[in-house]
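Here the structure is a predicted model, which means the values were calculated and not measured. Below, chains carry the letters A, B, ... as their sequence lines are ordered, and counting in each starts from 1.
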There are 2 protein chains.
Amino acid sequence: MRKATTTIADVARKANVSTATAGRVLGNYGYASETVRKKVQKAARELGYRPNHLARSLIRGETRTIGVVVGDIQSPFYARIIRGISDVARASDMGLIITNSDEATDLEEQSVELLMDKKVDGMIVSPCDTINAAHLRAAHEAGIPMVLIDRRVKGLEVDSISLDSVGSARAGVGDLLRAGHRRIALVAELAGTGGMTIERIMSSSPPGPPDINYHYPSWQRLLGYLLAHHDAGIAPQSDLICQVKSYSSKVAAKKAVEILRSDTPPTALFTADGVMSAGVMAAVKEVGARIPDDISLLCFDDLDWMEFMVPGIDAISQPRKQMGQMAARLLMERIADPTSEPRVLDLVPRHVERGSIRQILTTEGVNGGPDA
Amino acid sequence: MRKATTTIADVARKANVSTATAGRVLGNYGYASETVRKKVQKAARELGYRPNHLARSLIRGETRTIGVVVGDIQSPFYARIIRGISDVARASDMGLIITNSDEATDLEEQSVELLMDKKVDGMIVSPCDTINAAHLRAAHEAGIPMVLIDRRVKGLEVDSISLDSVGSARAGVGDLLRAGHRRIALVAELAGTGGMTIERIMSSSPPGPPDINYHYPSWQRLLGYLLAHHDAGIAPQSDLICQVKSYSSKVAAKKAVEILRSDTPPTALFTADGVMSAGVMAAVKEVGARIPDDISLLCFDDLDWMEFMVPGIDAISQPRKQMGQMAARLLMERIADPTSEPRVLDLVPRHVERGSIRQILTTEGVNGGPDA
DNA sequence: CTGAAAGCGCTTACAG
DNA sequence: CTGAAAGCGCTTACAG
C-alpha cells in the first residue's frame, strides 16, 4: 500500500546529475546553475519527490520541532497558551509536540525526557515545582533552549514569561479601596507549599517575602491584595482571607457562602482565579446577593461567557494566548541565539471594568468630601 | 554549551565490542550474551548514553509519533479530545504533534503536509469538510494510518469515531415528548453547507436523507429531533426550529429571546451544542423564565460548571476525552495492522437527567390517565 | 558550478 | 553469539 518513497538519488539519476547537486537544489543550499536547477526541479516534480526531514535533521542537528509541557491541556488556561504557541510555530513552519505533566514532577520529568528523545529544538515548560526541578536544570545544562511560562524556577536562569500577579492584584484591589470598600474578601487557593503561610506573608511591613516570584500565583495575588491595603494605609483583616486550599469551585463556593452569611459580610469580593470565580458566583447566587448593589465582584480571570451569564463583574483579564505567542517568540530567538542574556518578562494583565465596582461613600465622603 | 553527544560507537569502544553488538544490547534487538550485555550497559551508563531516535527512525521507518489535526485546540471540545489522545499516546510511549485547521480546508491541508513531513506513524483528524478532502484521500492512498474523529468524509474508508448524534437527539427529545411537551423549540447552528436545508430534511417521511452522516452535527441533531416527533406521531412545527446560522452564543441568545417572547412560546428548549446552550441560558435569564417551572431545558453538551451556575438543566453528555482515547487506540491498532477492515464507531452519549424535564400533564393525562 | 567521497547515528543482513 | 560491511536519505567539506 505504502508507496516506495522517492529519494534524492532517484531524482539525481533522472536528471543526470550527482546526488550532491540534486541535494543542493532540492535542499536549497550551495550553488547550482539555472539550467541544472531547472532540470532537477523538473525531475523532482515528475517523481513527486518529498524531502525526508528525518535524514535532514539527523545531519543538521535540528528538527524544526518545539516541545511544550503544560499541566493539563484540557484546562482553558493551558489550551489558550498552546494556541498562542501553535500559531507562532505554524508561522515559523515548525512542528509542536505537546505533553501534560498533571502538575506532577515525575510526569514532568518523563515529558522532558520524551521531548529530548525527540530532539526538539527547544521547549516551553510551565514547571510544576518552582524549586525541585533537577530535570529542567539538566536540560538547560545540556544546552536545550528553554522558556518558562507562568511560573519560574528558583535559580534557573532561562527566559521566562509570567503575569505580574502581584502588581495587577495590587492595582485591582486598590481600585476597590479607592471606591470606598473597606471589607474586601479574598477567595484564593493558597495551598500550603514551600513553607508559605498567611501569617508569614502578613507579618512584615510592607508585606512581601523576597522570593514571592517562586510561589504559586494565588500567593502572589494575596500579596498584591495586602500591598494594596498597605498602600491605602488600611489594615487587612485576616478573617476576610478565604484560604480554599483546594483548587475546587465547590469548596470555594462553600467558603464564600460562609463569609457572605457572616455577621459582618464583605462589601466586595476579589477572586484569585477562574476556578475560585465560578465558586464565588455560585455562592453569590445562593445567598441571593445582587451584583453590584449588594456586593462588588473583581475576578482575576477572563470570565468569557461566565460574564455573558452574570453581567456586571469586573475582571483582571489574562492574555493567555498572547503569553503563548510571546513564549514561542522568545524560544525562537533563543534558538537563534543561545548565548545572550536570559529575558524575564512580566506581563501586566488588563483590568477590564464592567461596572461592578460600585462606589461606596464613606461618612467622610458624604459629609465633607468634595463631591458632597 | 551543548554537550557533545555520546554515540553507540563511543559505548562500543569503551566496552571493547563492535558497534553492531553495542547496538544490539542498547537497542534491545538481536542476540547478546549476558556478559557482553552487562559490559555494554555499564559503559553506556558511565558515558550517559542516550539513543538518537532520529537515526533509529530513519532506518526503522517509524517515528513513534502520531499527529493530530483539530479545528481549534482552544475549544474545550477539542482540548478534551486531545487530552484523551495524549493519555493513550503517553501510555504507548509515543509523541504527539498537534495542529489546528481553524476548520479551513487550506490550513488542514498544510497541517496534513506538516505531519507527513514529520513522518508521523499515523494521524487523527477531525476533517473540516466532509466532501472535499483530496489531501486526506491522498494521505490514505499513500498508506498513512488515519482515523477520523467527530466527522466522516464521504467515500473515505478509514477508521472513524463519531457520536450517534441522530440517535441521542432522538432519544432526548423523545423524553421531552413523553413528558408531555408539545412545543419543543430547537436552537441549532444549522449553517447552510452541502446543500442541506430545513425544508429538504423535513419533506420526507420518515425524515432523513441517506447521507446525513456527512453533514454537520447540528443537522444530525435536527434530524433526531424530527424523528422523535415522527416516532410520537406528532407533527413538528417549523416555527419552533431556530436556525442560528452562526456559531455564536450571542446570536443564539437573541434568537432564543425572540422565540421565548412569541405569542405561543415553547414549553421546552433543546439546544444542539454548548455554544447554543450558553446563548439559550442567557436568553432564559433575560426573559426571567424559571427552570424547570416555566421551561424545561435539554442541552446537547457537557455543561460542566455551566450546570454548576444554573442547576436543573438536563444534558446529553458527550464523552470527549473517551472519544480521544478510543480514536488513539483505533490508530494504534491500525498502525499495527494496516490491512484489516476499517471500523466505523458511533458512540452513544449519556443522557444525564438532572430534573429539568418537567412532566406536563395533558388533558388526557389529568382526566383519564392511569395516574389520575 | 559540479561530483566523488565521507559521514550523521543508528540497524540490518551476512558471514563466521 | 559476535563482527565487518553496507545502508537509511540526506548534507558537507574537498577537489576539480
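Closest contact between the side chain of B:I59 and the listed nucleotides C:dG3, C:dC10, D:dG9 involves C:dC10.
B:R13 has its CZ atom 13 Å from the P atom of D:dA4, to the nearest Å. A straight line from OH of A:Y29 to P of D:dT11 spans 4 Å, rounded to a whole angstrom. Note: CG (A:N52) to C1' (D:dG7) measures 14 Å, nearest angstrom. Atom CD1 in A:I8 sits about 18 Å away from atom P in D:dG7, given to the nearest Å. Regarding B:N28, its CG atom lies at a distance of 16 Å from the C1' atom of C:dT12, rounded to whole Å. Here C:dC8 presents its C1' atom at 13 Å from CZ of A:R60, a figure rounded to the nearest Å. Spacing between atom CG of B:L54 and atom P of C:dT11 amounts to 12 Å, rounded to whole angstrom units. For the pair A:E62 CD and C:dC8 P, the interatomic distance rounds to 18 Å; values are reported in whole Å.
Defined by atom type and a distance below 3.5 Å, a donor-acceptor pair is missing between the side-chain atoms of A:S162 and A:R151. Side-chain contact of B:R50 with B:T6: a donor-acceptor pair under 3.5 Å is absent, judged by distance alone. Side chain to side chain, A:Q110 and B:R90 meet the donor-acceptor criterion of an N or O pair below 3.5 Å.
Using a 4.0 Å cut-off, some side-chain N or O of B:S33 falls inside it from OP1 or OP2 of D:dT2. Under 4.0 angstrom from either OP1 or OP2 of C:dC10 there lies no side-chain N or O belonging to B:R56. At the phosphate of D:dG3, OP1 or OP2 sits under 4.0 Å from a side-chain N or O atom of B:T21.
Position along DNA chain C of the nearest nucleotide to B:G23 versus A:Y31 favours A:Y31 as the more 5'-ward residue. Each of B:T35 and B:A55 was matched to the nucleotide of DNA chain D holding its nearest heavy atom; the match closer to the 5' end belongs to B:T35.
In terms of polar N and O atoms assigned as donor or acceptor, the side chain of B:R24 comes within less than 3.5 Å of the base of D:dG3 in a complementary pairing.
A:A20 comes within contact range of at least one nucleobase, with a heavy-atom separation under 4.0 Å. Contact annotation for A:R37: no contact, since no heavy-atom pair falls under 4.0 Å across all strands.
Atoms NZ and OG, from A:K38 and A:S33 in turn, are 10.0 Å apart once rounded to the nearest 0.5 Å.
With respect to the salt-bridge test (charged N to carboxylate O, under 4.0 angstrom), the residues A:R137 and A:E141 do not qualify.
Searching all strands for a Watson-Crick or G-U wobble partner of D:dA13 with both distances below 3.5 Å returns nothing.
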